[in-house]
Structure formats: structure tokens, C-alpha cells
S.K.: 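Have a look at this one before I ask anything.
This structure is a prediction, so every number in the text was calculated from the model and none was measured. In listed order, ligands and their atoms are each counted from 1.
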Amino acid sequence: MEPIRPLFYNIHENYKWAEIPTYVLGGLTAMLFLWGVWRHVKRWRLGKPEKIAGALAERIKAFLKFGLFQGRLASDFYAIGMHLAIFFGMAALFLGTALATIDQDVTYLMFGFQFLRGDFYLGYKLFLDIFGMALIAGLALAFFRRYVLQPERLKNLVYPTFPLDSLFLLTILFLIAATGLVVEGLRLAATNVPWGTWSPVGNALAGLFSSLAPGTLKSAHFLLWCVHGLMALAFIALIPHSKAFHLVSSAISVFLRQLEPAGALPTAEPAGVAKIGDFTWRQLLQIDACTWCGRCQEQCPAHASGYALSPKNVVLKLDDQLLKAERAKGNGAAQAAPVAPLHDDTVISAAELWACTTCRACEEVCPVFIEQPRMIVDLRRYQVSQGNVDKTAQAALGNLSRYGNSFGKSDRMRPKWTQGLEPKIKDARKEEVDYLWFLGDYASYDPRAQEITKVTAKIFQRAGVNFGILGEGERNSGNDLRRVGEEGLYEMLKEKNLLAIGQAKFKTIVTTDPHSLNTLKNEYHLANGNGLTVQHYTEVLDELIQSGQLPLKKKLSGRVTYHDPCYLGRYNGVYEPPRRILAALGVQLVEMPRNRSRSFCCGAGGGRIWMEDTPGIKERPAENRVKEAVALPEVSTFVVACPKDIAMFRDAVKTTGNEGKIAVKDIAELVLEAMA
Ligand code: SF4
Ligand code: SF4
């Protein structure tokens, strides 16, 4: 006897009246599902236009890696195991149901042929049993994590009913999977077909029911078939009306993710975002796609330090406003007006916005590629347009406007650090050079950083690098100013820098400042088409060492650790050059637990370096980082590659009482030591 899928088993013979309602309910479910999807699309359409780059192949690749296989959860075995089991379990059961429907209602009805037969049918049965069990295992992991482990990041302060919503969804999914297997067990017990072993779980359950009378088996089968079917249809109808929609919206968000360099903030209205409809449609899609996983919050240095900010809560509160705006529009409001203004302490407070260091740790771990820092900058832009800048940052912004640097010093003071250096540092506007060194404010004006600037200059000179500077023609690059939300002033500084850069003849721009590197490389659009590159000094030093142009005479010893600056690593992917330099110097690099893309911010980015700490915070991010380094066995040097880091971490070593235990050194200082 050839194995074949029974058509409407038991129903067709004994409960034929139930067939029509099944199709009616199926149709209703599809309508409810599509209506729900349309509501989400309407929500996204409340936003402003945004163009999306094509790059179909890249998008498909990313979708498979991050959408289907949850690539961003790879380091979290529990999370990835749970998500893959639930997702593929559900997908397989959905596919199985779809195949059964086609087999019964299309190929059989239209052509009198069933493809679910023979070996294919046996494989199909085995496949569904395995994935049904995978779904149950994934759900058990989800139950355990949410209701037993209860990690802090999963707590939801914006939607207080969230634990119940979640419980409902997990329970209904579990019941659908479990009743599906029991229905199969009852059918196998009643039919006793020889291929029952191809459904190992159903077959084992059939063994439990074997003592029941055939009539009882059929009645129980019908009853449970109805319960199973009704729950499955209810779940499908509920998907777009519940949190389960993130299955769909997160996949779309991953597919339509930003493909521009992470360090390039899209050009936006300087007036920023005042109400939810001022975000673009893609930002609204991202807000809608949030899975509420809290991974962003867990990585956020501001949150860890006790500031008011949680990137998860920002997204959830925006999501709440999006729902309200949609309802308002549905109720006939003229536009998606500010149902509640976003900039209100009951929605997003100024304290939350100004706490962000724009370190991008949140975006880096978000499984659905939500760009939280971009949203925060858009909201800051509105605050700035209203003259509501963080009080403690106002002095720096005033200096930037008046002097073109945050220190409030004159232009002529900028190249003062070169005094006494021999040979003289060239002015790249007057002499042609290979490297134009863009210094940035800290390297130029901060006395601690100036020492390292001189060290770097000595290294370049001794390695025979033909370099020059812009002297008093340089201005603050504007990277952090732009992240504060001061778009207008940023454009002015950029214009002045571009004028000065335009007067110089060079091949490559080099900078020690990762923040300047970021905006010069990604936002000044210098390199367009003319082969011009922008490099961090660690990249240049690495190249010089590898090519033998920078001779290292002495091997250094000892154990050091290295801090990846956010704007060098996470924003621009420069992780290996500093590590190769350290290896060439001979020191032993001991990584901190949070390294490379998981590096913990020093707290200076996004204009935070100009703002004072909020009273009552737990500890500053730089202090948290220094403690992480001090906990490493026998590490006596904390190596940095950013002028701001020198200031941040040397202070933090003092305030944490770790003087004498660890020394903060710039990587250039170690290179010069090895050249001696
Ligand atoms: S960019 Fe950094 S500081 Fe800002 S919300 Fe994200 S993780 Fe927090
Ligand atoms: S923004 Fe991303 S990381 Fe944060 S809770 Fe939402 S999905 Fe998770």
C-alpha cells in the first residue's frame, strides 16, 4: 500500500458539515491578516519620503544572514537557539499546512492528483514532526527566559501589559504545536498505518491512545482538530494586530536596512523631528519592527551609567506615539498631528536625548537594524532649532560658532604646538605633501593631547613621511557638533574646512582623531572619484611598519590592553591596524571582555565631552571602562588611539583611584619608544 496523505481525514467521512465553515473561517482569517498588514503599511506611510538604495543582491544576502538566520544573535547561543527553533518551527508548520492545502484543494480538486504520497509524503511527515518538536523546544526556552530568568533588558516599562501579551502569544503557539501532534497521534492510533514510524512523535502518542475504542479516537480527533484549527486561524489573524508582527516587520526592516556607511548621517531637515510624522517612512518601519528585546539597552553606556536614557525605551515610546498618530488619523484628524508632543517629559525627555554619546553600540547589536542614534540626533535637531541645547554644552557651541573650535581659542593658536619642532611642520596650503594631517581640536589645543601630537609628528618625520597641516585654516571638523543636532553650524565649519583643504595639495588625509576621521571620510565627500583617501594614523603607522619604512629598533615587553574608539571601530571598521602595530612592537595584547565592535564607549562622543555629568549617576562610562581594564591580570598599560580618550581615561584612572595601577598611553607613544 502506497503511503498517501488522507484528505480531510475523519472530517470528510464523519463530519462533512465542518468542511464549509473551515473554508469560510480561512477566508476571514486571510482578510483579518491583510487588513492588519495594511494598517501597519499606513502607519509607515505617515512618515516623510526617504530614498532606498537598490543593491538587491546585497539586500538578499543580508536578509538571509540577519533576517532568516538571525546573524546578529550569533554570539548569544541561548537567544539564537531559541529564535531559530521558534522561527523555523513555525515556518515549517506553515509550509506543511500550505502544502497540504495545495495537495487537497488545488492538485486533487483540479487534477485528481495528490503529490503528498510515497517517499515524498514520508519525508514530509518526518520533517513536520521534527520541526513541530523544535518549535515546542524553542517556546520552552522562551518561557524559561522570560518568566524564570527574567533578564532586566526584557522588562517593558512603556507597555505594562507586555508580559501578558507575550504569555498569550507563547501559550497559543505552544498549544497549536502540541494539539497538532496530538491530532496526528489520534489519527495514527485510529488508522494504524504501517508508515506511522515516519511521524516519531505522533507515533509515540498513538501508542498512548491505542487502548481507546475507534469511535472515541475519532470523536477526540474531531474535537481536537477543531480546537487546533481554530487556534491556528486565530493566531494567523492576530499576527498583524499583536507583537507577533515583528516576524514580518523585522524581516522587512532587515531587508531595507541602511547600506550607506554607518558614519554618514543622512541629510535631513535642520529643524529635526518635532512629531512622529517628521521621521521618514523607513524610520517609522524600524520603530514598528522593534522586537523589544532590550539588547540595545544592555550595551548602552548611558544606561549603564545611570542616565535617563534607554535606546529601547526611546524606540518603544516612539512606537506608542506612532500608534496614537495612526489612531488620530483614523479618527479623522487632519494629519498625523502631535497627539502628544514627542518633546515632552512624558514622552522623550531632554535628559534622555542629551545623555546619548552616539556610540552606536545599540545599533550594532540590534537584530533588526534599527538606527537609534540617527533617531536621537533627529530629535536633538529639533531641540537645537528651538534653542534648547543642554545648558552645559552651550559654552562649547558658542565657542564653535565664534572661534571654530570648542576650546574658544584663536585660529592662530591652533598650530602653536608645532613651535620648536625641527624640521618645521609644513603648511600643506603652501607646499605639496603626500599626507595632509587634519588634527582636530583636542590634538591641537588640549595640553595632554598636544604632547601626543608632537610624538606623532616626530614619528612621521623619522619615518620620512611627507606631511603638512592646514595650520590656522583648520576648523573643528563638526562631527560631534552634527551629532549634537547643530546642522547649520556643522555646514558652516565643513564649508570652511573644505575651502582650506581645497587650497592644499596632497594625496591622503590623515588624522589622529576618529571623530574627525568619520566626518571627513563619510560626510565631507572628499574622496569622490579622485582616489583621495582619509586614514586614521593607526592605519598609516601600520602601513609604514609593514612596509619597513618605520624601523622599530627595540622590542617592547609587558601586557597591555587596547580600547577601540567608537568612531574608529564601530563606525569605520578599523579594528586590526592598531592590533597589528601592538604585535609588531612586541607587547602582549590582552583584550578586554568588551572589545572590537562591542567596545564600551568612553562617554565623550555625540558632544558629551562638552557636557557635564548629570548629578547622581552611578559612574561615568570611562570609569566603568577603566575598571574593566584594571581587572585584567597583570595589565599595566591602557592603550588608546584617540586624543579625547587620553583626556577621558586619564581622568577616570584618577577618579577610580587606580593611579599607579594602570597607565593610559597613546599608541604613538609606544611606537616612538620602540623607535628609540
Ligand atoms: S548611541 Fe550609545 S549612548 Fe546613544 S543610545 Fe545608543 S548605545 Fe546609548
Ligand atoms: S531597538 Fe533593536 S535592540 Fe533595541 S529593543 Fe528594539 S529590536 Fe531590540
Side-chain angles (χ1 to χ4, degrees), residues 66-67 70-73 76 79 83 151-159 162 166 243 245-247 249-254 257-258 262-263 265 283-320 322 348-349 351-380 480 483-485 515 518 565-567 569-571 594 597-609 611 614 617 620-622 624-625:
F66 300 109
Q70 301 287 324
R72 279 208 162 163
L73 302 182
D76 184 345
H83 278 98
E152 179 66 27
R153 69 178 166 89
L154 289 182
K155 294 200 174 129
N156 192 325
L157 303 176
V158 179
Y159 294 112
F162 171 66
S166 232
K243 180 182 175 270
F245 189 68
H246 82 249
L247 282 168
S249 55
S250 60
I252 302 173
S253 174
V254 170
R257 78 191 177 100
Q258 175 70 280
L265 268 181
Q283 287 177 300
L284 296 186
L285 159 66
Q286 291 182 354
I287 289 166
D288 195 24
C290 176
T291 65
W292 310 355
C293 69
R295 289 165 60 82
C296 53
Q297 175 180 297
E298 209 171 47
Q299 300 296 322
C300 176
H303 186 76
S305 295
Y307 282 91
L309 175 64
S310 151
K312 176 180 91 168
N313 286 345
V314 168
V315 176
L316 289 188
K317 286 190 268 187
L318 293 174
D319 184 40
D320 192 40
L322 182 56
I348 312 262
S349 69
E352 273 173 285
L353 291 181
W354 296 118
C356 178
T357 68
T358 66
C359 70
R360 214 182 149 265
C362 48
E363 189 181 334
E364 182 76 28
V365 294
C366 177
V368 297
F369 289 83
I370 294 173
E371 295 158 71
Q372 305 91 333
R374 179 185 164 193
M375 289 174 194
I376 290 172
V377 170
D378 281 339
L379 291 163
R380 280 180 170 186
D480 299 332
R483 270 92 199 149
V484 164
H515 299 246
N518 183 65
C566 308
Y567 276 90
R570 266 195 296 274
Y571 276 101
R594 295 173 293 186
S597 64
R598 294 294 160 89
S599 178
F600 194 71
C601 176
C602 73
R608 283 293 321 169
I609 198 157
M611 301 176 209
T614 305
I617 57 161
R620 288 184 283 158
N624 181 303
R625 188 62 159 163

S.K.: Tell me the protein heavy atom at minimum distance from atom 5 (S) of ligand 1, and give that distance in Å.
M.R.: Leu309 CD2, 3.6 Å
S.K.: Students often mix this up, so state it plainly: with edges at 30° and 60°, are the rings of His515 and Tyr567 parallel, tilted or perpendicular?
M.R.: tilted
S.K.: Looking at Cys290 and Leu316, what are the two nearest heavy atoms and their distance?
M.R.: SG-CD2, 4.2 Å
S.K.: Can you name the residues that form a side-chain contact (heavy atoms from CB on, under 4.5 Å) with Ala355, not counting sequence neighbours?
M.R.: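 Listed in chain order: Ala302, Tyr307, Leu309.
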S.K.: Provide, to 0.1 Å, the distance between atom 3 (S) of ligand 1 and the closest protein heavy atom, together with that atom's residue and name.
M.R.: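 It is Thr357 N, 3.3 Å.
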S.K.: Show the nearest heavy-atom pair for residues Tyr571 and Thr358, with the distance to one decimal.
M.R.: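 Of all heavy-atom pairs spanning Tyr571 and Thr358, the closest is OH-O, 2.7 Å.
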S.K.: For residues 296-316, which residue pairs qualify under salt bridge (charged side-chain N to carboxylate O under 4.0 Å, His left out), counting only residues two or more places apart or in two chains?
M.R.: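 Passing the test, one end in residues 296-316: Arg153-Glu298.
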S.K.: What protein heavy atom sits nearest atom 2 (Fe) of ligand 1, and how far away is it?
M.R.: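 Sorting protein heavy atoms by distance from atom 2 (Fe) of ligand 1 puts Cys359 SG, 2.4 Å first.
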S.K.: Which residue owns the protein heavy atom closest to atom 8 (Fe) of ligand 1, what's the atom, and how far is it?
M.R.: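 Atom 8 (Fe) of ligand 1 sits closest to the protein heavy atom Cys300 SG, 2.4 Å.
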S.K.: Mark up the atoms of ligand 1 that fall under 4.0 Å of a heavy atom belonging to Thr358, in ascending order.
M.R.: 1 (S), 4 (Fe)
S.K.: If only atom types and distance count, is the side chain of Arg360 paired as donor or acceptor with the main-chain N or O of Ala262 below 3.5 Å?
M.R.: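 No: the side chain of Arg360 does not pair with the backbone of Ala262.
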S.K.: Give a yes-or-no answer on whether the side chains of Glu352 and Asn313 include a donor-acceptor pair shorter than 3.5 Å.
M.R.: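 No pair is found: no donor N or O on one side chain lies under 3.5 Å from an acceptor on the other.
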S.K.: Enumerate the atoms of ligand 1 whose separation from the nearest heavy atom of Pro373 is less than 4.0 angstrom.
M.R.: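 So the answer, numbered in order with elements, is 1 (S).
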S.K.: Assess whether side chain to side chain contact (heavy atoms under 4.5 Å, CB included) is satisfied between Ser599 and Arg570, documenting all intermediate values.
M.R.: CA-CA 8 Å; Ser599 178; Arg570 266 195 296 274; 4.2 Å; yes
S.K.: How far is atom 4 (Fe) of ligand 1 from its nearest protein heavy atom, and which residue and atom is that?
M.R.: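 Atom 4 (Fe) of ligand 1 sits closest to the protein heavy atom Cys356 SG, 2.3 Å.
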S.K.: Give the atoms of ligand 2, by number and element, whose distance to some non-hydrogen atom of Pro367 is under 4.0 Å.
M.R.: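 By the 4.0 Å cutoff, the relevant atoms are 3 (S).
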S.K.: Measure distances from atom 4 (Fe) of ligand 2 and count the protein N, O or S atoms below 2.8 Å.
M.R.: 1
S.K.: Kindly give the heavy-atom pair with the smallest separation between Pro367 and Thr291, and that separation in Å.
M.R.: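 Of all heavy-atom pairs spanning Pro367 and Thr291, the closest is CG-OG1, 4.5 Å.
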S.K.: Under the rule for side chain to side chain donor-acceptor pair (under 3.5 Å), what residues qualify as partners of Arg295, not counting sequence neighbours?
M.R.: none
S.K.: Heavy-atom pairs closer than 4.0 Å: do any link ligand 1 to the side chain of Arg360, the backbone, both, or neither?
M.R.: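 Just the backbone.
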